[in-house]
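Atoms within a ligand are numbered from 1 in the order they appear, just like the ligands themselves. Please read these numbers as outputs of a predicted model, since none were measured by experiment. Position 1 is the first residue of the sequence; numbering continues from there.
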Amino acid sequence: METSALQNARYKYQPKLPAILSHSIEEVALSFGEPTASAADSEALAEMFKLSYGKPIASFVKGKNEKIKRPLTVGVILSGGQAPGGHNVIAGLYDGLKKGNANSALLGFLGGPSGLLEDRAVEFTGAIIDEYRNTGGFDIIGSGRTKIETPEQFAAALTTAKKRKLDAVVIIGGDDSNTNAALLTEYFAANNLETQVIGCPKTIDGDLKNEYIEASFGFDTAAKTYSELIGNIERDAASAGKYWHFIKLMGRSASHITLECGLQTRPNVCLISEEVEAKNSSMTQIVEQICSSVVKRAENKINFGVVLIPEGLIEFVPEMKKLIKELNDLMADYGDELTEKTSFVDQINWLDNRLSGEANALFKSLPSEIAQQLLADRDPHGNVQVSRIDTEKLLIGMAEKKLKELKNSGAYKGKFSALAHFFGYEGRSAFPSNFDADYCYSLGFTAFVLIASGLTGYISSVRNLTAPAEKWIPGGIPLTMMMNMERRHGSPKPVIKKALVELEGKPFKTLAENREKWAADTCYQFPGAIQYYGPSDVCDQPTKTLILEHS
Ligand code: FBP
């Protein structure tokens, strides 16, 4: 394959590491804190994770580590949606393993967790790794969303681990995949298998974070990529002066990406699902908020604007949330019956007798495309596939209707022509920013130290991320510490707790303080493309979210 000039240059980029990892690895020892508790539901989780619950936090300190040079065989899995930097996690893990012992081997399981279950793997060589350093995507081994949940699947994972004589498996994934990592840890321990399990916090959605996981990797690059595109659209909108752009942004349930893009680009309206839920806002109220900006701007003869919409919005509007929950439960219990109905009319009739009165009325009032999108298959973890619901088009349709009413009453005199966009896949496989390239390489190298030191049931953690990389703090956080019980596929399941946007946090407050001005005036900011070379304050900056959270 021919490579681009940037790709060639990025191959040579040497990711920065925290100081403790950039010197002799023989001097990286571990120190442990107190036993930990889960994020919630500790009794139920302690019972479920009898052998792996409550481990202490592991910190890296200078000292002798007898185990670090032993030869290891490790398997790695890329799980879930792509996130920029995944290749660097693998490169950091590989370099760490080889630094520890040249005879260590790293296997890459193909196509996500199913690669482990079906024992499909490649052994990485230096040449393979070099072809993927500092590049985006997960194409080095591919990814997948298989959830390891049946007894047969657990047994298959164990068989592969035994057959391959794996010292450890590293699962690079989001909340669901790291839940899998916790379940696998317990299963291996219960079956006296010594294979260790280590997780790595990946997801552009930014919702796998807490005190010890400051950011999931890929969020930085994806949010910056979307912000570049939004800035370009803002300039286009201001140049042409004739369109309102409704832009839906990926991020699943959490609005972290939308919030970060809002802070970067200062759009006229930036909806945040978590606020919608907290205020119990109905779809009508959301549309009124958008229309209020359209009307205010039209009074100043401005008939263009930009609206940012988190892709999970629809799940947070109380009436929609109730409907989706009822649909989820019905689909979990009678999914086959529903899919047997070949026409949409038959599906509506089938639901007619089963949905509650309120939910049924709402379902029937939705445009048919949206109603059909709500019936689409759930992902293997029981989530509604919000990226496939055209919320931006639904909002445009509702805003058009509302503005017509306002026009008829004389309250609005402008022109409204709207365009719909969805930015998601465009940002998931971009070349990782320097931040993600460095962060991911550090996460991979940290995973190696955790494995070599004999730990299992931990997630690789690198903290202090707003400081220069040499001051970053690597370590290991017990997976059970981040878990709680949630309803999935209609029943309570142990899962890693999702971190949604904090309405009391500085990033949201900064948006809230400014949005009235941004709604009426044109205050757009144009972040431009990610810079990979140049002054550090241009090319090594973390997200505004991270900076505000740490300020
Ligand atoms: P992860 O949670 O696996 O990191 O996936 C993130 C994501 O990009 C979401 O933002 C989006 O809703 C979803 O994946 C889309 O899934 P798919 O790639 O299966 O279409």
Side-chain angles (χ1 to χ4, degrees), residues 77-87 89 111-114 136-139 141-148 171-181 199-209 213 215-227 229 247-261 272-274 308-316 324 328 373-374 376-392 421-430 432 436 439-440 443 459 482 486 488 495-501 545:
I77 298 168
L78 288 166
S79 181
Q82 282 68 253
H87 290 160
V89 177
S114 63
F138 279 2
D139 44 328
I141 45 173
S143 184
R145 290 199 185 276
T146 302
K147 182 167 167 57
I148 305 176
I171 299 182
I172 303 173
D175 51 340
D176 289 328
S177 314
N178 277 287
T179 297
N180 265 182
C200 250
K202 170 237 73 164
T203 178
I204 61 159
D205 301 348
D207 57 3
L208 175 46
K209 65 174 169 183
I213 307 296
S216 55
F217 78 75
F219 173 72
D220 185 275
T221 311
K224 284 175 180 162
T225 304
Y226 305 140
S227 296
L229 299 175
I247 307 173
K248 184 177 76 168
L249 293 161
M250 251 189 190
R252 217 189 270 285
S253 304
S255 308
H256 297 293
I257 287 192
T258 303
L259 177 54
E260 173 66 20
C261 292
I272 298 296
S273 308
E274 292 81 345
L308 300 189
I309 305 154
E311 73 170 357
L313 179 76
I314 207 153
E315 282 187 300
F316 285 76
I324 291 172
N328 282 352
Q373 288 161 1
L374 284 176
D377 288 344
R378 275 36 185 168
D379 77 4
H381 299 268
N383 304 309
V384 181
Q385 306 206 46
V386 278
S387 62
R388 303 205 198 154
I389 300 175
D390 294 334
T391 319
E392 68 284 20
H421 310 264
F422 169 38
F423 297 153
Y425 300 96
E426 296 81 347
R428 295 198 317 183
S429 288
D436 270 329
Y439 180 40
C440 290
L443 285 170
I459 188 165
M482 307 187 301
E486 282 175 27
R488 294 287 170 91
V495 291
I496 304 255
K497 195 171 186 300
K498 265 192 203 307
L500 301 180
V501 167
T545 303

Sorted by chain and residue number, the side-chain hydrogen bond (donor to acceptor under 3.5 Å, both in side chains) partners of Lys224 (sequence neighbours excluded) come out as Asp220
If you scan protein heavy atoms around atom 9 (C) of ligand 1, the nearest is Asp205 OD1, 3.5 Å
among protein heavy atoms, the one nearest atom 7 (C) of ligand 1 is Arg428 NH1, 3.6 Å
Closest non-hydrogen contact found for Arg428 with Pro84 is O-CD, 3.2 Å
Atom 2 (O) of ligand 1: closest protein heavy atom, distance to 0.1 Å, is Arg252 NH2, 3.3 Å
One finds that the ligand 1 atoms under 4.0 Å from a non-hydrogen atom of Gly80 are 3 (O)
Correct closest heavy-atom pair for Ile77 and Pro113 would be CG2-N, 3.5 Å
On a heavy-atom basis, the closest approach of Thr545 and Glu260 is OG1-OE1, 2.5 Å
(request) May I ask whether Arg145 has any heavy atom positioned less than 4.0 angstrom from an atom of ligand 1? (result) yes
Here the atoms of ligand 1 under 4.0 Å from any heavy atom belonging to Lys202 are 1 (P), 3 (O), 4 (O)
More than 12 heavy atoms from other groups under 6.0 Å of NZ on Lys209:
yes
Point to revise | Pair Thr203-Ser216, side chain to side chain donor-acceptor pair (under 3.5 Å): steps then yes or no | key: CA-CA 6 Å; Thr203 178; Ser216 55; 5.2 Å; no
Original post:
Non-hydrogen atoms of Gly81 versus ligand 1: any pair closer than 4.0 Å?
Top reply: yes
Fill in: Criterion side-chain contact (heavy atoms from CB on, under 4.5 Å) on Ile204 and Phe219, from CA distance to verdict
CA-CA 4 Å; Ile204 61 159; Phe219 173 72; 5.5 Å; no
### Message
In terms of relative ring orientation, are Phe423 and His421 parallel, tilted or perpendicular, with 30° and 60° separating the classes?
### Response
tilted
Under 4.0 Å between heavy atoms, the region of Gln82 that gets near ligand 1 turns out to be neither
If you measure every N/O of Thr203 against every N/O of ligand 1, is any gap under 3.5 Å?
-> yes
Heavy-atom closest pair (Lys202 atom, Leu208 atom, distance to 0.1 Å) is N-CD2, 4.4 Å
Here the atoms of ligand 1 under 4.0 Å from any heavy atom belonging to Gly251 are 10 (O)
Closest to atom 11 (C) of ligand 1 among protein heavy atoms sits Glu311 OE2, 3.3 Å
the protein heavy atom lying closest to atom 20 (O) of ligand 1 turns out to be Tyr425 OH, 2.5 Å
(message) Using heavy atoms and a 4.0 Å limit, tell me yes or no: is Ala83 in contact with ligand 1?
(response) no
